[in-house]
Amino acid sequence: MILVSGGAGYIGSHTVLALRERGRNVLVLDDLSEGHEEALLGAPLARGSMLDRDFVMKTFEENDIAAVFHFAARCYVGESVQDPGKYYNANVNGTLNLLDAMAATGVNKFVLSSTCATYGEPESMPIVEEMPQKPVNPYGATKLIDEWMLKDFHRAHGIESVALRYFNAAGADPEGRLGEDHDPETHLIPLVIDAVMGKRDKITVFGNDYDTPDGTCIRDYIHIVDLAEAHILALEAMEQDPGNIGCRAYNLGNQAGTSVLEVIETVAEIAGKPVPYEIGERRPGDPPRLVGSSAKIGRELGWKPRFGDIKTIVETAWKWHQTHPRGFASS
Ligand code: UDP
């Protein structure tokens, strides 16, 4: 079976669904501190914390685990600047507990949720994997440490791994079964949708004085289903070619930069009404522009985005928010 840490969360739950649709056996490891039981859609759950070493070890000893997908982590840039300890604890210690349990029980396939935040503020775009990784916030730093640990655990214990450096995950299951439900929500697209639906007064744009065409930050949004697919391709590559994957890292973006104001315009177009917004201060830790090239994963694993354009991404998120105005509580 595939152990999916954080499988009740946003990206994890979409990946669990994709695995099960391919007939894979899955065990979710999640403490439900941020994830939702409803998001499991009936997948089996080992409920507990990644930081509980005994629980993690026991889960490996009691189950026939062939590979690990590791999503359980803290993932907010702004919060990581304010509370770095929380990030180093969850994202470094949590990953270490998993890797130690894998080494102890002989599990040797691992897919890591990494991030474009490991690059910091590269001098040229699009970002390719060979560029230096110099994170500018604790979130990015913790994920870079995870990537280092993977190299060392490969060398010492033969654990093969693929680190997927996501750009901005967005959108929802096109069939409307799953979507994004964070409390509090901090991500741009759901916040803009909430603003246009009247669930919040307005959205604050974090700075419009960046060196970008409209002055607002540019990000590369990638559909959650395309992300899930990349995890499965990574797993299949490790299964088909054992010993040859080693320790790899791939970017996952669409090579399309979309500014905050362009996201607001796209939501307004889909909703058929203007989005109430104001311009606010810059958010500490935010690089002006992050756009990634996914050419390497396309070339090496055959990954191709199916929902690449921002309009489709926002449309699927919009559909989820219309049918689930209170998130999973509406299920
Ligand atoms: N953003 C914004 N207002 C908000 C939330 C986000 O202007 O209320 C901006 C943020 O500064 C960044 C982009 O939207 O440039 C995407 O932010 P998000 O938090 O969704 O993802 P991140 O890029 O931090 O992973």
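Start at 1 and go down the list; that is how both ligands and their atoms are numbered.
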Could you tell me, atom by atom, which parts of ligand 1 come under 4.0 Å of a heavy atom of [X]?
{"X": "Thr186", "answer": "5 (C), 19 (O)"}
{"X": "Cys217", "answer": "15 (O)"}
{"X": "Ile203", "answer": "4 (C), 8 (O)"}
{"X": "Asn168", "answer": "16 (C), 21 (O), 22 (P), 23 (O), 25 (O)"}
{"X": "Val205", "answer": "7 (O)"}

Determine whether the side chain, the backbone, both or neither of [X] has a heavy atom under 4.0 Å from any heavy atom of ligand 1.
{"X": "Arg219", "answer": "side chain"}
{"X": "Asp286", "answer": "side chain"}
{"X": "Thr204", "answer": "backbone"}

- prompt: Using 30° and 60° as the class limits, which term best fits the ring planes of Phe110 and His70: parallel, tilted or perpendicular?
  reply: tilted

message: Please state which option from Tyr277, Tyr166, Phe206, Tyr76 has its nearest heavy atom closest to atom 1 (N) of ligand 1.
response: Phe206

query: With respect to atom 18 (P) of ligand 1, which of Arg289, His187, Arg282 exhibits the smallest heavy-atom separation?
result: His187

- request: Determine whether the aromatic ring centres of Phe71 and His14 lie less than 6.0 Å apart.
  value: no

- prompt: With His321, which of Thr316, Asp194, Val196 fulfils side chain to side chain contact (heavy atoms under 4.5 Å, CB included)?
  reply: Asp194

- prompt: Do any nitrogen or oxygen atoms of Arg283 lie less than 3.5 angstrom from nitrogen or oxygen atoms of ligand 1?
  reply: yes

- prompt: Do any nitrogen or oxygen atoms of Leu188 come within less than 3.5 Å of a nitrogen or oxygen of ligand 1?
  reply: yes

- request: Identify whether NZ of Lys or CZ of Arg in Arg289 sits under 6.0 Å from the centre of the six-membered ring of Tyr210 and within 45° of that ring's axis.
  value: no

Tyr221 to ligand 1, any heavy atom closer than 4.0 Å: yes

